[in-house]
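Worksheet for the structure shown next.
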Amino acid sequence: MTFQDQIKQGIPSELPSKNNYEKAINHAPKRMDILSKEEKELAIRNALRYFDKKNHPVLANEFAEELKEYGRIYMYRFRPDYKFYARPINEYPGKSVQAKAIMHMIQNNLDEAVAQHPHELITYGGNGAVFQNWAQYLLTMKYLSEMNDEQTLIMYSGHPMGLFPSNTNAPRVVVTNGMMIPNYSKQNDWEKYNALGVTQYGQMTAGSYMYIGPQGIVHGTTITVLNAGRKIAKNGESLAGKLFLTSGLGGMSGAQPKAGNIAGCITVCAEVNPKITEIRLSQGWIDEKTTDLNELAARVKKAKENKEVVSIAFLGNIVEVWEKFAEENVYVDLGSDQTSLHNPWAGGYYPAAISFEESNVMMVENPELFKEKVKESLRRQVAAINIHTAKGTYFFDYGNAFLLEASRAGADVMAKNGIDFRYSSYVQDIMGPMCFDYGFGPFRWVCTSANPVDLEKTDKIACEVLEEIRKNSPEEIQQQMTDNIQWIKGAQENKLVVGSQARILYADAEGRMKIAEAFNNAIKNGEISQPIVLGRDHHDVSGTDSPYRETSNIYDGSKFTADMAIQNVIGDSFRGATWVSIHNGGGVGWGEVINGGFGMVLDGSLEAEKRLKSMLFWDVNNGIARRNWARNEGADFAIKRAMEVEPNLKVTLPNLVDDSILKDLF
Ligand SMILES: NC(=O)c1ccc[n+]([C@@H]2O[C@H](COP(=O)([O-])OP(=O)(O)OC[C@H]3O[C@@H](n4cnc5c(N)ncnc54)[C@H](O)[C@@H]3O)[C@@H](O)[C@H]2O)c1
C-alpha cells in the first residue's frame, strides 16, 4: 500500500502484523506502575475504543501486556512501516493545503532522526508527546487528509475528537494538551491519567507539531551563553579560554556544546546515557568524549592554556565533574545544568551514587528509594556548585527546574531571605530583560517544499529584512539585531538542519511581521515554490506563563497566574493562526507552566498577508503589555514604541510608586 493510501486508511480494520520492539531505538523509560486493578481495566477499555469489536480479544491481551511491561499502552502493533520524515507537502493526500502543512510538521516531530523516543511518539524532553498512542496518530492523519478549509480538527491531548464545521478564517486544528482541573495537576496525576489514556504531556513544540530539532535550541542557547559571557566580562573581553560546565546531551541540552563552540568558549557537558553521547558525537555536535575524570581535568587545563574553542563530553554523572573540578581547582567561569529535572522521578535526573542501568531499574521497582537517591544527589551537586560560586563562578538555572527541585530536596540553594533562590535563572538575568521584555523571541519557519534551496532563499530574505530594520533601530535593540543578523549569516555554514528545512532566529514584532510578509511575497511571485509554515517556540514573550522560567522576571506577584498564555492562544486563534495549542507541562513540569503556540501557513495570498499582520502583532505585544504592567523597564520602552506605530493599540500603563510612600504603612 502506498504512503498516501495508508494515511487515508486510518486505523486498519484488519490487524496489521505485530511490530518487533526494536532494541536499537532509543525508547522511553518504563513508566511507573500506578494504576489499581480497576483502573487498569479502565485503561484497556479506553484503549479498545479505537478498534473494531472483532479485534478486542487479541488487542485486550496485547495492551494489557504493554501496560504491564511499559506502564503505558502505545499500541506498537499499529506503528506504520513507512519512513517518518517531513516529506514535500505535495506528497500528502488531502484537500486542504493547510492540513497538508500540518501533516508535514507532525511527520517531522516523529522522524527517527529528530524524535527522542519515536516509537513511543515522544519528540523531546523525556515525555513530550505528539500522541499518546499509534491509533491517535493514524486517526489524526486520516482526518487531516479528509478535511476541508471549512472544518476544524479538535485535538484533546493527542486524541482527535473529530472534525467540526467552522469557517475559512478559523484555525484548521485546535490542540489542548494536559489541561487539568488545577487540583489534579500533580506529577503523579500525570502518571495516572496518562496511563489511563485520557491526557498527555505535550511539552511545548512536541504536542503542537512545531519542533525543528536541536537547531531551535542551539540559537537560544548561543544567545544565552553569549550574553552570560557579556555579564561576566570584566573588560568587555570575549569568552576565549573560559570554561562553561553543564550537563545533558539530550533533546535540547545537546545544543549546549555546539552553542559553546559558536560563542567561542570551552564547554564541558556531562551525560550519563552512552547511546545519546554517541549520537551527539556522530552528529558532530560535540568534539571529544572522555569517561575518565582525571583525563577530563587535564584536558580542560590544556584547553584553557591554549584558549581552545572545544566541546568535551564527559560520559558520566555531572555531580562528579563539579566535585572533581572543585578538588582540582579547575576554575569554572559559567555553570549551569540541563538534566530534565522537570521530570525528576521518571528518568529526567540520574542520581550520582548509582549507575545509569541501576537507576533505570530502581525508578520502576523501588520509586521511593529512587526519589531519595535523586534528592541526595541534588544536595551533593549543589554543595559542589556552591564551592565554585564562592570562588566567582556565575551559575544560572537553565529553566529545567534545577533550583526548584534542589530546594525541594533540601539543598543549600535558598537566598538569605528564604524566599528566593541564591542563583538566578537564565530568564531572570538574560532572556527576560534582554530579549522577552523587548519582544524578541524564537520565531521560526519551515519550508514545506522540503527543499534546502528554498531555505537558503528564505535565509537571504530574512537577513535583508533585518539589515534594513537595523538601520533605524533604537540603541536598546541594536545588540539583538546584530546578534541575529550574524546568526542568520552563519546559519548555512553551521549546518543546523536536522529534519525539516527549518530556520529560527530571535525577532521582535516588527521583525517577525516584515520577514513573514517578505516570505509571503516571495511565494506570491514564485520565487519560493511551496507554502511556508511560521511558528515559534512556546518559550517566548507572550506564549508561556511559567513562574520559574519564562515569567520568572515578573515581580508584581502575577507570575503565578496564567492569564497571559490563555489570552494569547485565544487571541491567536481568531486573528488568523492555522493551528493553535495550549499545554499544561512544558520544560519545568506538569502543573508548573501553561504554554501555548501557533502555526501559520503562508501561501502567498492576500488573506495570508492580512492574517500574519494581525496575528503576529498581537502574539508579541500581548506579552509586552503584560510585562510592562509588571513594571519591567524594557517592556515599558517597547510597548510605548508599539503604540506609536499602531494607533489602534491602547495599553494600560502602570504608575510607578516611590519607595518612600510605602515606608511606614505597616
Ligand atoms: N535548552 C534550553 O533552552 C532550555 C530551555 C528551558 C528549559 N530547558 C530544560 O532543560 C532540560 C533538558 O532538556 P532536554 O530536552 O535536553 O531533555 P533530555 O531529557 O532530552 O536530556 C537531558 C539529559 O540529561 C541526562 N542526565 C540526566 N541526569 C544526569 C546527570 N545526573 N548527569 C549527567 N547527565 C544526566 C539524561 O541522560 C538526558 O540525556 C529540560 O528540563 C528542559 O525543559 C532547556
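In this text, all values refer to a predicted model and were calculated from it rather than measured experimentally. Start at 1 and go down the list; that is how both ligands and their atoms are numbered.
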Practice task
Taking all non-hydrogen atoms of both residues into account, name the closest pair between Thr199 and Asn194 and its distance.
Solution key: O-ND2, 2.7 Å
Exercise for the section: Verify whether one side chain among Glu295 and Thr290 offers a donor that lies under 3.5 Å from an acceptor in the other. Expected result: yes
Problem - Heteroatom distance test (Ser253, ligand 1): nitrogen or oxygen, under 3.5 angstrom - result: yes
Fill in the blank from the handout: All heavy atoms of Val114 vs all of Val498, minimum pair found to be CG2-O, 3.8 Å
Practice task
Among all protein heavy atoms, pick the one closest to atom 29 (C) of ligand 1 and tell me residue, atom and distance.
Solution key: Thr339 CG2, 3.2 Å
Handout entry: Donor + acceptor pair across side chains of Gln203, His583 (<3.5 Å)
Key = no
Exercise for the section: Report the nearest protein non-hydrogen atom to atom 23 (C) of ligand 1: residue, atom name, distance rounded to 0.1 Å. Expected result: Glu271 OE1, 3.5 Å
Exercise for the section: Could you label the plane-to-plane angle of the Tyr124 and Tyr211 rings as parallel, tilted or perpendicular, counting under 30° as parallel and over 60° as perpendicular? Expected result: parallel
Exercise for the section: Can you pull out the closest protein heavy atom to atom 31 (N) of ligand 1? Residue, atom name and distance to 0.1 Å, please. Expected result: Tyr350 O, 2.8 Å
Fill in the blank from the handout: So the atoms of ligand 1 within less than 4.0 Å of a heavy atom of Gly348 turn out to be 27 (C), 28 (N)
Handout entry: Minimum-distance protein heavy atom relative to atom 40 (C) of ligand 1
Key = His342 ND1, 3.4 Å
Problem - Taking atom 6 (C) of ligand 1 as the reference point, the nearest protein heavy atom with its distance - result: Arg549 NH1, 2.8 Å
Handout entry: Close-contact set for ligand 1 against Gly250 heavy atoms, below 4.0 Å
Key = 16 (O), 20 (O), 21 (O), 39 (O)
Handout entry: Sub-3.5 Å N/O-N/O distance, Met252 and ligand 1
Key = yes
Handout entry: Shortest heavy-atom approach to atom 4 (C) of ligand 1 - which of Phe314, Tyr398, Tyr548
Key = Tyr398
Problem - Tyr124 N/O under 3.5 Å from ligand 1 N/O - result: no
Handout entry: Residue and atom name of the nearest protein heavy atom (relative to atom 5 (C) of ligand 1), distance in Å to one decimal
Key = Tyr426 OH, 3.2 Å
Practice task
Using distance alone, decide if ligand 1 has a nitrogen or oxygen within less than 3.5 Å of any nitrogen or oxygen in Gly254.
Solution key: no
Fill in the blank from the handout: Under 4.0 Å from one or more heavy atoms of Ala270, ligand 1 contributes atoms 33 (C), 34 (N)
Handout entry: N or O pair under 3.5 Å between Ile318 and ligand 1
Key = yes
Exercise for the section: Would you please indicate yes or no on a ring centroid separation below 6.0 angstrom for Phe395 and Phe402? Expected result: yes
Handout entry: Nearest-neighbour protein heavy atom for atom 12 (C) of ligand 1, which is reported as residue plus atom name and distance
Key = Gln338 O, 3.1 Å
Completion exercise
Of all heavy-atom pairs linking Phe131 and Gly158, the shortest is CD2-O, 3.4 Å
Fill in the blank from the handout: Interatomic distance, CZ@Phe370 vs NZ@Lys375, rounded to 0.5 Å, equals 12.5 Å
Practice task
Please could you name the atoms of ligand 1 that Gly248 approaches to less than 4.0 Å, counting only its heavy atoms?
Solution key: 23 (C), 24 (O)
Problem - Lys258 side chain to Asn494 backbone, donor-acceptor under 3.5 Å - result: yes
Exercise for the section: Kindly give the heavy-atom pair with the smallest separation between Ala326 and Ile387, and that separation in Å. Expected result: CB-CG2, 4.1 Å
Practice task
Compute the shortest N/O to N/O distance between Gln116 and ligand 1 and return yes if it is under 3.5 Å, no if not.
Solution key: yes
Practice task
Could you tell me if any non-hydrogen atom of Gly220 lies under 4.0 Å from any atom of ligand 1?
Solution key: no
Exercise for the section: Tell me, please: is Gly316 in heavy-atom contact with ligand 1, that is, under 4.0 Å? Expected result: yes
Practice task
Among all protein heavy atoms, pick out the one at the shortest distance from atom 19 (O) of ligand 1; state its residue, atom name and that distance to 0.1 Å.
Solution key: Ser340 OG, 2.7 Å
Exercise for the section: Establish, from distance only, whether the side-chain atoms of Asp337 and Thr246 form a donor-acceptor pair under 3.5 Å. Expected result: no
Practice task
Quick one: sort the Phe436 and Tyr506 rings into parallel, tilted or perpendicular, breaks at 30° and 60°.
Solution key: parallel
Handout entry: Subset of ligand 1 atoms that lie under 4.0 Å from at least one heavy atom of Ile276
Key = 39 (O)
Problem - Tyr74 and Tyr76 aromatic centres sub-6.0 Å - result: yes
Practice task
Name the orientation class of the two ring planes belonging to Tyr350 and Phe356 (parallel below 30°, tilted from 30 to 60°, perpendicular beyond 60°).
Solution key: tilted
Completion exercise
Counting heavy atoms under 4.0 Å, the part of Asn317 that contacts ligand 1 is both
